[in-house]
Amino acid sequence: MSTDSPSLGARLSARGLDGTTLLVLPGVIFVVALFIYPFLYGLWLSFHPKAGPALANYTKFFSDPFLYGTIWTTMKLALPVTLINLLIALPIAFRVRLLRRQRLLTTLLILPITLGTVLVAEGMIFYLGPQGWFNRVLMLAGLISSPVKLVNNYWGVFISLVITGFPFTFLLTLSYVTGIDPSLEQAAATLGANARNRFREVFLPLLLPGLAITFCLSFVQAYSVLPSAVLVGDPSSATRVISIAAYQAATEEYDYAMASAIAMIMGLTQLGVVALVLGLRSLLYRGPVAAAKG
């Protein structure tokens with residue numbers, strides 16, 4: 001009888017550590033190096049202010065209206081933009097799923113995402129600025145007597161976020177809409193349900209989990225706004241979002257501990273909204289994200 005012990009490779013395979021499993025190791029290292037370590041270091045740094053106790057940075061933030069007001073300013077931009085993008089993307093996704101040239105139209109709809117925030121902001125200043133064609137056409141038509149201010153204020157950032165955020169929201173929404181089995185709608189129609197009832201009774205329950213995830217991801221993207229708030233907004237007042245406060249603390253005041261504390265607060269407020277949305281989703285509907293096409 002052989003008394004040879006199993007090789008090291010055999011013992012590792014028995015514990016699930018075979019060669020295939022080890023292929024995820026580079027990805028794990030990448031995530032730890034670029035995401036987990038910076039987060040933990042930033043959290044540690046936020047509790048080491050230049051002066052005062054460990055919570056001095058957080059106390060300073062919530063005792064200064066100019067600082068904690070940035071949370072509400074950011075929310076006023078991110079929440080409406082996310083809702084509008086979702087409300088626009090949903091009916092368009094329902095329409096696109098029925099078209100033969102779906103890929104072509106999808107490519108056209110997601111084109112703004114390839115332009116970048118800076119290029120979109122420059123285009124807005126050129127077209128929607130006081131001397132842009134939009135105001136000139138309205139003035140030549142006699143509809144307005146003076147230019148409408150659509151940039152360098154709240155609405156400039158709002159429009160920019162809608163333009164750059166819509167493609168991302170649309171793609172996610174389209175993936176959930178097209179993932180629903182068409183036979184479910186056909187069965188409902190056979191039973192006499194009209195379009196409104198089919199949407200309410202068939203599509204909406206299946207889409208709610210996916211729409212909640214789409215809302216959360218789109219909200220996080222909009223909440224981290226920085227270039228638009230500076231280029232087409234009013235960064236000293238109306239669009240002084242929380243990311244600008246963190247940027248100024250790091251680059252103008254050279255207070256990296258305070259900048260880290262603001263970043264932690266920014267992440268916590270985002271997490272609060274995401275947790276609320278996911279909690280409401282679980283109360284409204286429990287089930288699969290979407291029915292498979294088969």
* Asked: Does any N or O in the side chain of Ser218 come within less than 3.5 Å of the main-chain N or O of Phe215, such that one atom is a donor and the other an acceptor?
  -> no
* Structure fact -> Minimal heavy-atom distance between Pro205 and Pro209, with the atoms involved, is O-CD, 3.6 Å
* Asked: Looking at side-chain heavy atoms only, is the closest gap between Ile213 and Tyr176 below 4.5 Å?
  -> yes
* **4.5 Å side-chain heavy-atom contact, Ile71 and Phe61** => yes
* Structure fact -> For Gly165 and Asn85 the tightest heavy-atom approach is C-ND2, 3.6 Å
* Between Asp234 and Ser236, do the side chains contain an N or O donor and an N or O acceptor separated by less than 3.5 Å? -> yes
* Look at the side-chain heavy atoms of Ile, Leu, Val, Met, Phe, Trp and Tyr, link any pair under 4.5 Å apart, and say whether Phe39 and Met266 land in one connected group. => yes
* Is the shortest heavy-atom distance from the side chain of Phe94 to the side chain of Leu207 under 4.5 Å? -> yes
* Check the pair Gln248, Arg240 against side-chain hydrogen bond (donor to acceptor under 3.5 Å, both in side chains), reporting the backbone distance first and the verdict last. => CA-CA 11 Å; Gln248 289 177 337; Arg240 188 173 186 270; 2.8 Å; yes
* To do: Could you tell me whether the side chains of Ser63 and Tyr68 share a donor-acceptor contact shorter than 3.5 Å?
  => no
* Going from CE on Met124 to CD1 on Ile163, what distance comes out if it is rounded to the nearest 0.5 angstrom? -> 5.5 Å
* Structure fact -> The reported gap from CG in Leu174 to CD1 in Ile92 (rounded to nearest 0.5 angstrom) is 10.5 Å
* Begin from the C-alpha positions of Thr73 and Tyr154 and carry the test side-chain contact (heavy atoms from CB on, under 4.5 Å) through to its verdict. => CA-CA 9 Å; Thr73 300; Tyr154 171 87; over 6 Å; no
* Hey, does the side chain of Thr70 reach the backbone of Phe66 with a donor-acceptor pair shorter than 3.5 angstrom? -> no
* To do: For Val241 and Ala229, work out which heavy atoms get closest and say how close.
  => CG2-CB, 4.0 Å
* **Side chain to side chain, Leu184 and Leu206, heavy atoms closer than 4.5 Å** => yes
* Test item: Val96 and Phe170 side chains (from C-beta on) under 4.5 Å apart, heavy atoms -> yes
* Are Val273 and Trp72 joined in one hydrophobic group, where the rule is that I, L, V, M, F, W and Y side chains link up if heavy atoms are under 4.5 Å apart? -> yes
* Could you state whether Leu67 and Phe62 fall into the same hydrophobic cluster, counting links through intermediate Ile, Leu, Val, Met, Phe, Trp or Tyr residues with side-chain heavy atoms under 4.5 angstrom apart? => yes
* Asked: Do Tyr37 and Val31 share a hydrophobic cluster (ILVMFWY, side-chain heavy atoms under 4.5 Å, transitive)?
  -> no
* Within 6.0 angstrom of Glu252 CD, more than 12 heavy atoms from elsewhere -> yes
* Identify the heavy atoms of Leu172 and Leu217 that sit nearest to each other, and give their distance. => CD1-CD1, 3.9 Å
* **Linked, directly or transitively: Tyr41 and Leu43 (ILVMFWY side chains, under 4.5 Å)** => no
* Counting N and O atoms only, with roles assigned by atom type, does the side chain of Asn135 sit under 3.5 Å from a partner on the main chain of Val148, one being a donor and the other an acceptor? -> yes
* To do: Mind listing the closest non-hydrogen atom pair of Ala51 and Ala56 along with its distance?
  => O-CB, 3.6 Å
* Can you tell me how far the NE2 atom of His48 sits from the OG atom of Ser260, to the nearest 0.5 Å? -> 11.5 Å
* **Residue pair Met258 / Pro49, side-chain heavy-atom distance below 4.5 Å** => no
* **Ser160 side, atom OG; Leu77 side, atom CG - distance, nearest 0.5 Å** => 10.0 Å
* Compute whether any side-chain donor of one residue and acceptor of the other, for Tyr58 and Ser46, lie under 3.5 angstrom apart. => yes
* To do: Show the numbers, then the answer: is there a side-chain contact (heavy atoms from CB on, under 4.5 Å) between Phe219 and Thr214?
  => CA-CA 8 Å; Phe219 169 78; Thr214 302; over 6 Å; no
* Asked: With distance as the sole test, does Thr74 use its side chain to make a donor-acceptor pair with the main-chain N or O of Ile242 at under 3.5 Å?
  -> yes
* Determine the minimum heavy-atom distance between Val157 and Thr239, stating which atoms define it. => CG2-CG2, 3.5 Å
* Test Tyr223 against Thr82 for side-chain contact (heavy atoms from CB on, under 4.5 Å), laying out the working first. => CA-CA 9 Å; Tyr223 197 82; Thr82 305; over 6 Å; no
* Asked: Are the side chains of Val220 and Val274 in touch, meaning some heavy atoms are under 4.5 Å apart?
  -> yes
* To do: Check whether any side-chain heavy atom of Arg97 lies under 4.5 Å from a side-chain heavy atom of Ile180, and answer yes or no.
  => no
* Asked: Testing Leu34, Val32, Val28 for side chain to side chain contact (heavy atoms under 4.5 Å, CB included) with Phe30, which one passes?
  -> Leu34
* Is Arg198 reaching over with its side chain to a backbone N or O of Ala188, donor-acceptor style, under 3.5 angstrom? -> no
* Asked: Is a side-chain donor or acceptor of Ser228 paired with a backbone partner of Leu161 at a separation under 3.5 angstrom?
  -> no
* With side-chain contact (heavy atoms from CB on, under 4.5 Å) as the test, would you mind laying out the steps for Phe158 and Ile84 before giving the verdict? => CA-CA 10 Å; Phe158 188 93; Ile84 287 178; 3.2 Å; yes
* What's the spacing between Leu211 CG and Leu90 CG if we round to 0.5 Å? -> 6.0 Å
* Taking Asn153 for its side chain and Ala238 for its backbone only, find out whether a donor-acceptor pair lies under 3.5 Å. => no
* Out of curiosity, Asn57 CG to Ile262 CD1, how far, rounded to the nearest 0.5 Å? -> 8.0 Å
